[in-house]
J.: 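Have a look at this one before I ask anything.
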Amino acid sequence: MRCRECVEHLYEYLDREVTPDLEAEIRAHIQKCPPCSEHFDFETLFLKFVRVRCRAQGAPATLRRRILEQLLEE
Amino acid sequence: MSSTPPPASSNPPSPPARSPEERREGYEKEALVHLDVLYRVALRLTGNAADAEDLVQETMLRAYRSWDRYTPGTNAKGWLLTILRHLFINEYRRKSRHPETVDVDTIEPFALFQEVQEEDPQGAFFDKIVDDEVLRAVDQLPEAFREAVTLSDVEGLSYEEVAKVLEVPVGTVKSRLYRGRRLLQAKLYDYAVGMGYIKGQSKK
């Protein structure tokens, strides 16, 4: 596998959406290619960053109460 | 209540009628647990807390009323998100504060890694960006990208699940995610450079 092909599948690989065969090929390439490895680590960090930062907020307690009260009236 | 015995056919039987208690218990166990997810998605769609709360409340009410159509143990999160999205499109989108003006095909590809590779390949500058800025950057994405990024990157739905909620093919989900992420990276890069967190290269 070449770097270009590897990077083309970058997100599908990180999203765990590739076939086991392709996953093995990509993993093998990353292990022996420092630039690709650095690139994949960076994108992994980016995706984790987005997830953690955007999930900090949850539903307000007042909303939960409103919904439960609404159910009692049903 | 009907006293007719279930038909002895090999067709999947319609679910047995649930008692109101069972109904409510099932709903609390399978639907209410997704309240945080629904609220976050609603916030990203409507762009404001008041509408997001109303949208979620209405979604939960509709879900409760049609709870008998939901098969227990299947994908409640996806089912609820589909209800929420339909409601949003039909009743909230008009007044949402996100105008749809960006031509998504003209978006220039931007790869953050290539920009910061020399200076900060470990992405240390991410730590300096506060949550609100990340949310603001997501909110600035065109709706089609914002939905895909929120469902996949924030809430962890698979491509297949995102495709189902958005009612588009999996290939479309992939391309929206790709472009949405690149656009998000471009916005975060501009912000980080503007704040002096990274020097950045002179763009263009």
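Naming: A, B, ... by sequence-line order, numbering from 1 per chain.
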J.: Using non-hydrogen atoms only, which part of B:Val116 is less than 4.5 Å away from chain A: side chain, backbone, both, or neither?
T.: side chain

J.: Against chain A, label B:Asp54 side chain, backbone, both or neither, depending on which of its atoms sit under 4.5 Å from a heavy atom there.
T.: both

J.: Going by residue number, which parts of residues 19-29 of chain A are within reach of chain B, meaning a heavy-atom gap below 4.5 Å?
T.: none

J.: Can you confirm whether more than 12 heavy atoms, excluding those of A:Phe49, are under 6.0 Å from its CZ atom?
T.: yes

J.: By a 4.5 Å heavy-atom criterion (distance strictly below it), what part of A:Tyr11 contacts chain B: side chain, backbone, both, or neither?
T.: both

J.: When rounded to the nearest 0.5 angstrom, what is the spacing between SG in A:Cys54 and CG in B:Asp139?
T.: 8.5 Å

J.: Sort out for me which of B:Arg181, B:Glu53, B:Glu28, B:Lys174 touches chain A most, counting heavy-atom pairs under 4.5 Å.
T.: B:Arg181

J.: Out of curiosity, A:Arg53 CZ to B:Ile129 CD1, how far, rounded to the nearest 0.5 Å?
T.: 7.5 Å

J.: Of all the residues in residues 67-74 of chain A, which have a heavy atom that comes within less than 4.5 Å of a heavy atom in chain B?
T.: A:Ile67, A:Leu68, A:Gln70, A:Leu71, A:Leu72, A:Glu74

J.: So if I take each residue of residues 57-67 of chain B and look for any heavy atom under 4.5 Å from a heavy atom in chain A, which residues do I end up with?
T.: B:Gln57, B:Met60, B:Leu61, B:Tyr64, B:Arg65

J.: Atom OG of B:Ser152 and atom CD of A:Glu17: how far apart are they, to the nearest 0.5 Å?
T.: 7.5 Å

J.: For A:Glu43, is it the side chain, the backbone, both, or neither that has a heavy atom closer than 4.5 Å to a heavy atom of chain B?
T.: side chain

J.: Check A:Ala56 against B:Asp131 and note the closest heavy-atom contact, atom names and distance.
T.: CB-OD2, 3.6 Å

J.: Go through the atoms of A:Arg64 and report whether side chain, backbone, both or neither lie under 4.5 Å from a heavy atom of chain B.
T.: both

J.: Might you point out which heavy atoms bring B:Arg40 and A:Gly58 nearest each other, and give the distance in Å?
T.: NH1-CA, 4.3 Å

J.: Supply the atom-to-atom distance A:Arg55 CZ to B:Leu135 CG, rounded to the nearest 0.5 angstrom.
T.: 13.0 Å

J.: For chain A, find its close neighbours in residues 153-167 of chain B: heavy-atom separation under 4.5 Å, sorted by number, or none.
T.: B:Asp153, B:Val154, B:Glu155, B:Ser158, B:Tyr159

J.: What part of B:Leu32 gets within 4.5 angstrom of chain A, counting heavy atoms only: side chain, backbone, both, or neither?
T.: both

J.: Which word best sums up how the rings of A:Phe42 and B:Phe113 line up, parallel for under 30°, tilted for 30 to 60°, or perpendicular for over 60°?
T.: tilted

J.: Would you give the length of the straight line joining atom CG of A:Leu45 to atom CD of B:Gln122, rounded to the nearest 0.5 angstrom?
T.: 9.0 Å

